[in-house]
Amino acid sequence: MKHCSGQVKYLVAIKELSQKDEYVKCVNISRHLGVSRPCVSKTLRCLANSGYVYEDFCNSVVLTPEGEAKVDEILRNFDEVYLFFHKFLKIPHEDAHEQALTFVMNFPDDTCERLKKIVLRTINKKNP
């Protein structure tokens, strides 16, 4: 099932926030994404209905195993794509993060894999 980029951004935000804090609250997601709390609640309801977050997200938002797998699938090529935007193209961190996320969400996996290989090959040439 294909998800809209908004839902994907929420999944990634939950993953990123959970790596910083034990408990991810709706207000944290709201601040992280710059959206209203009602918007967060609505999207979390959709993600819960899809099986990506646990139903009881009022206290703390937790990804289900399916949600973790989806985020891992999305982020499989993220680090190298981010590195390309930030280090190679000299795009500031926040913009590079946003653009890399947009890239991995919208471009075919094989295109992301090809960019990943080019970035890794270039890095290996610089650091023999």
Side-chain angles (χ1 to χ4, degrees):
M1 180 173 159
K2 184 84 172 152
H3 297 283
C4 72
S5 62
Q7 289 177 326
V8 172
K9 285 182 183 182
Y10 277 79
L11 289 171
V12 172
I14 294 164
K15 176 78 170 190
E16 290 174 346
L17 289 168
S18 67
Q19 291 172 340
K20 295 177 186 176
D21 296 315
E22 184 177 353
Y23 298 105
V24 177
K25 301 205 178 285
C26 292
V27 67
N28 303 112
I29 297 169
S30 174
R31 286 185 196 132
H32 187 77
L33 295 175
V35 297
S36 69
R37 284 202 257 178
C39 185
V40 172
S41 295
K42 181 179 177 185
T43 303
L44 289 177
R45 172 60 39 216
C46 291
L47 292 174
N49 290 340
S50 298
Y52 291 131
V53 298
Y54 287 105
E55 287 287 330
D56 184 24
F57 54 79
C58 293
N59 296 324
S60 179
V61 181
V62 179
L63 294 171
T64 63
E66 293 84 6
E68 287 280 350
K70 184 66 175 174
V71 173
D72 290 345
E73 175 189 328
I74 293 163
L75 296 179
R76 183 177 61 236
N77 298 310
F78 177 82
D79 291 340
E80 289 79 12
V81 173
Y82 166 78
L83 192 65
F84 174 75
F85 284 110
H86 185 58
K87 297 290 184 187
F88 289 57
L89 299 181
K90 308 291 188 216
I91 297 173
H93 166 71
E94 290 296 323
D95 294 337
H97 185 275
E98 182 71 27
Q99 290 177 29
L101 190 53
T102 300
F103 188 90
V104 299
M105 289 185 316
N106 293 302
F107 279 78
D109 286 342
D110 63 325
T111 302
C112 293
E113 286 289 334
R114 291 172 72 188
L115 181 59
K116 177 180 179 175
K117 288 177 185 176
I118 290 169
V119 169
L120 291 174
R121 198 170 41 234
T122 303
I123 290 170
N124 289 336
K125 283 181 183 178
K126 288 183 177 182
N127 303 319

Completion exercise
Between Cys46 and Gln7, the two heavy atoms sitting closest are CB-NE2, 3.5 Å

Exercise for the section: Begin with the C-alpha distance, continue with both residues' side-chain angles, and end with the deciding distance and a verdict on side chain to side chain contact (heavy atoms under 4.5 Å, CB included) for Thr122 and Phe88. Expected result: CA-CA 10 Å; Thr122 303; Phe88 289 57; 3.5 Å; yes

Exercise for the section: Let me see the working for Phe57 and Ile29 under side chain to side chain contact (heavy atoms under 4.5 Å, CB included), right down to the final yes or no. Expected result: CA-CA 12 Å; Phe57 54 79; Ile29 297 169; over 6 Å; no

Handout entry: Heavy-atom side-chain contact between Lys87 and Tyr82 under 4.5 Å
Key = no

Exercise for the section: Check whether more than 12 heavy atoms from other residues, nucleotides or ligands sit under 6.0 Å from atom CZ of Arg45, and answer yes or no. Expected result: yes

Practice task
May I ask whether Leu89 and Leu101 are part of the same hydrophobic cluster, defined by side-chain heavy atoms of I, L, V, M, F, W, Y residues being less than 4.5 angstrom apart, directly or through others?
Solution key: yes

Handout entry: Side-chain touch Lys116/Val81, heavy atoms, less than 4.5 angstrom
Key = no

Fill in the blank from the handout: Looking only at heavy atoms, the pair that brings Ile74 and Val8 closest together is CD1-CG1, 3.4 Å

Handout entry: Distance-minimising heavy-atom pair for Phe84 and Val119
Key = CB-CG2, 3.7 Å

Exercise for the section: State, yes or no, whether a side-chain contact exists between Thr111 and Phe103 at a heavy-atom distance under 4.5 Å. Expected result: yes

Handout entry: Any side-chain heavy-atom pair of Lys70 and Glu66 under 4.5 Å
Key = no

Problem - Salt-bridge present (Glu80, Arg121; N to O < 4.0 Å) - result: no

Handout entry: Closest approach of Ala96 to Ile91 (non-hydrogen atoms, all atoms of both residues)
Key = N-CG2, 3.5 Å

Exercise for the section: Check step by step if salt bridge (charged side-chain N to carboxylate O under 4.0 Å, His left out) holds for Glu113 and Arg76. Expected result: CA-CA 9 Å; Glu113 286 289 334; Arg76 183 177 61 236; 3.4 Å; yes

Problem - Ion pair Lys15/Asp72, N-O distance below 4.0 Å - result: yes

Practice task
Verify ring-ring contact (aromatic ring centres under 6.0 Å, His included) between Phe85 and His97, making sure each step is shown before the conclusion.
Solution key: CA-CA 8 Å; Phe85 284 110; His97 185 275; over 10 Å; no

Exercise for the section: Report yes if the side chains of Glu98 and Lys9 come closer than 4.5 Å at any heavy-atom pair, otherwise no. Expected result: yes

Practice task
Measure the spacing between CG of Leu115 and CG of Leu120 and express it to the nearest 0.5 Å.
Solution key: 9.5 Å

Practice task
Ignoring hydrogens and angles, tell me if any N or O in the side chain of Ser60 forms a donor-acceptor pair with the backbone of Tyr23 under 3.5 Å.
Solution key: no

Problem - Test log, rule side chain to side chain contact (heavy atoms under 4.5 Å, CB included), inputs Val27 and Arg37 - result: CA-CA 6 Å; Val27 67; Arg37 284 202 257 178; 4.1 Å; yes

Exercise for the section: For Ser18 and Ile14, indicate whether the former's side chain and the latter's backbone hold a donor-acceptor pair under 3.5 Å. Expected result: yes

Exercise for the section: For side chain to side chain contact (heavy atoms under 4.5 Å, CB included), just list the numbers for Leu17 and Val61, CA-CA rounded to whole Å, side-chain angles, deciding distance to a tenth of an Å, and then say yes or no. Expected result: CA-CA 10 Å; Leu17 289 168; Val61 181; over 6 Å; no

Practice task
Report yes if some heavy atom in the side chain of Leu83 is under 4.5 Å from a heavy atom in the side chain of Asp79; otherwise report no.
Solution key: no

Handout entry: Flag, side chain of Asn28 to backbone of Val24, donor-acceptor distance under 3.5 Å
Key = no

Handout entry: Sub-4.5 Å side-chain heavy-atom contact between Val12 and Leu75
Key = yes

Problem - Val62-Leu33 co-clustered via ILVMFWY side chain contacts under 4.5 Å - result: no

Practice task
Quick one: pull up OH in Tyr10 and NZ in Lys42 and give me the separation to the nearest 0.5 Å.
Solution key: 10.0 Å

Exercise for the section: Of all the heavy-atom pairs spanning Phe78 and Ala100, show the shortest one and how long it is. Expected result: CE1-CB, 3.6 Å

Practice task
Would you check if the side chain of Ser30 reaches a backbone N or O of Val35 as a donor-acceptor pair within less than 3.5 Å?
Solution key: yes

